[in-house]
Every structure is written in C-alpha cells, then in structure tokens.
Amino acid sequence: MGNNFITLEGGEGAGKTTILHLLSEKLQALGYDVLTTREPGGIEISEKIRNIILDTSHTEMEKRTEALLYAAARRQHLVEKVLPALENGKIVLCDRFIDSSLAYQGYARGIGMDEVYTINQFAIQQCMPGLTLFFDIKPEKGLQRIASNNNRERNRLDMETLSFHQMVYEGYSKLRERFPERIKTINADQQLDKVVADAWNNIVEYISK
Ligand code: TMP
C-alpha cells in the first residue's frame, strides 16, 4: 500500500460522517491503527477557523477569504494531526480535504479550480490522499436528507441555494474525471449497509495493493 491517507468527499447529506466511523471500526477490527478526523477542524486552531467560516452571521465573507481560511485550517490540521499520525503508521480517514475546496470554492463559488489548487499547494506541499471516496448523491436528495435531520448543525453553507449545491456536484464530477485513479465513486443513494459495503470494498482493494 502506498499512502495511508484516505479522504471522504461529497455534497451535503451524503452520509460521509456516519460512514467514516463505520469504516474506522471495520479497519480496527482487522488490527489497523486508525485516526478519524474532519475538515475544516479536527484540532483547536482549525475548529476555531471552522467557526469563523461557518458562522451564519458572516454573510459578508468574500469568496477568496473563505478559500484562504479553508486552506489555513487545512495547513494547521495537516501538520499538527494528519502528518504525525501517518508517520506513526496510522491509517488516516479524513472527512473532506482539498477536493472540497476545489468543488465548493473553485467551481461553485467561481474562483477557478486551478487558482484554488494553487493556494492549496502552498498549504499542503504535495501531501495528497492516496484514495478518495466520493459519496454520490444528487443535491436535491442530499438536501432533503439534511432538512429532515434535526440534530445536524446548520451552517453558512447550508443557507446556499439548490443551484449552488448543483454547481458543487458538477465541480466534483470534473474532479472525478480529472483524477480517476484516486477518486472512487460510491453510490450514496442506497441503504446505509450497502453504501458502507461498497466503500469498504474500495478500501480493502486499496490497502491490499
Ligand atoms: P461539513 O458539513 O462536511 O462538516 O463541512 C462544512 C462545510 O464546509 C460544508 O458545507 C462543505 C464546506 N467546505 C468547503 O466549502 N470547502 C472546504 O475546503 C471544506 C473542507 C468544506
């Protein structure tokens, strides 16, 4: 196996967070040491940046400011948490990473994927995940799911229109075309156990390489 850094991606309501914990349990049952974490956040400084980005009252936040804040949170999280875990031989399962910035800020916000990629290279210095699971659900369906989940925090990006989330989906489609070796698509519009099984098959294939 090459790189133990695995990321989970997708639009809102794809179920990534629940699935991430189930995948972690399965890996641990096989004896792997696993770190689960999320972006933006995962450590104190980055959780504070997360609160600034996602605060529903920050309606004046400009799109490049937003992109830079995500990149800053990413940098700190990477050096403080992800890289040390990888150096200690852990498998890192991370809920969102650079592809979120490319799809949300680069494509949906219209900054341009290449520009957002450039500022993220400054932040991550080539440290890319070896495997990315994209949880595929149409934005209409995903948004319906989160609307019926009362326990979920509501953030500034949830206030965006359906067409914004459709752009995010298109952004991910472009990334899937561009990085077919790294990004594997999982149909997230099926029963949870099926989604987990499909994701698991991809992980097993990857770690046994
Ligand atoms: P979450 O709901 O998956 O915790 O993510 C918080 C929101 O932040 C979600 O709407 C996706 C968005 N996001 C970006 O726009 N760019 C990024 O780089 C990341 C990591 C998340």
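Being a predicted model, the structure only gives us computed values, none of them experimental. Each ligand, and each atom within it, is numbered from 1 in the order the structure gives. Computed from heavy atoms alone, side chains included, the values below leave out hydrogens, waters and symmetry copies.
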Open item on the list: Less than 4.0 angstrom from a charged side-chain N to a carboxylate O is my criterion; do Lys209 and Glu205 meet it?
Closed with: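 A salt bridge is absent here (no side-chain N lies under 4.0 Å from a carboxylate O).
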- [ ] State plainly whether the residues Glu47 and Arg38 are in salt-bridge range, i.e. N to O under 4.0 Å.
- [x]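 Judged by the 4.0 Å cut-off on N to carboxylate O distance, Glu47 and Arg38 do form a salt bridge.
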TODO: Mind listing the closest non-hydrogen atom pair of Arg156 and Thr59 along with its distance?
DONE: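 Smallest heavy-atom distance, with atoms named: CD-N, 4.4 Å.
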Just distance, no hydrogens or angles: give the donor-acceptor pairs under 3.5 Å from side chains in residues 101-109, sequence neighbours left out.
unit_1, atom_1, unit_2, atom_2, d
Ser101, OG, Arg74, NH1, 2.9
Ser101, OG, Arg74, NH2, 3.3
Tyr104, OH, Glu12, OE2, 2.5
Tyr104, OH, Arg96, NH2, 3.2
Gln105, NE2, Glu66, OE1, 2.7
Tyr107, OH, Glu170, OE1, 2.8
Arg109, NE, Glu66, OE1, 2.9
Arg109, NH1, Glu160, OE2, 2.8
Arg109, NH2, Glu66, OE2, 2.9

- [ ] Show which residues join Ile146 in its hydrophobic cluster (side-chain heavy-atom contacts under 4.5 Å, direct or indirect), or state none.
- [x]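 In the cluster with Ile146 are Leu143, Leu162.
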- [ ] Enumerate the residue pairs fulfilling side-chain hydrogen bond (donor to acceptor under 3.5 Å, both in side chains) with a member in residues 82-91, sequence neighbours excluded, ordered by first and then second residue.
- [x]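 As it turns out, there is no side-chain hydrogen bond (donor to acceptor under 3.5 Å, both in side chains) pair with a partner in residues 82-91 once direct neighbours are skipped.
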Open item on the list: As a test of reading the model: which residues have a non-hydrogen atom less than 4.0 Å away from ligand 1?
Closed with: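 For ligand 1, the residues that come within the 4.0 Å heavy-atom cutoff are Glu12, Lys16, Glu39, Pro40, Arg50, Leu54, Tyr70, Arg74, Arg96, Ser100, Ser101, Tyr104, Gln105, Arg152, Leu157.
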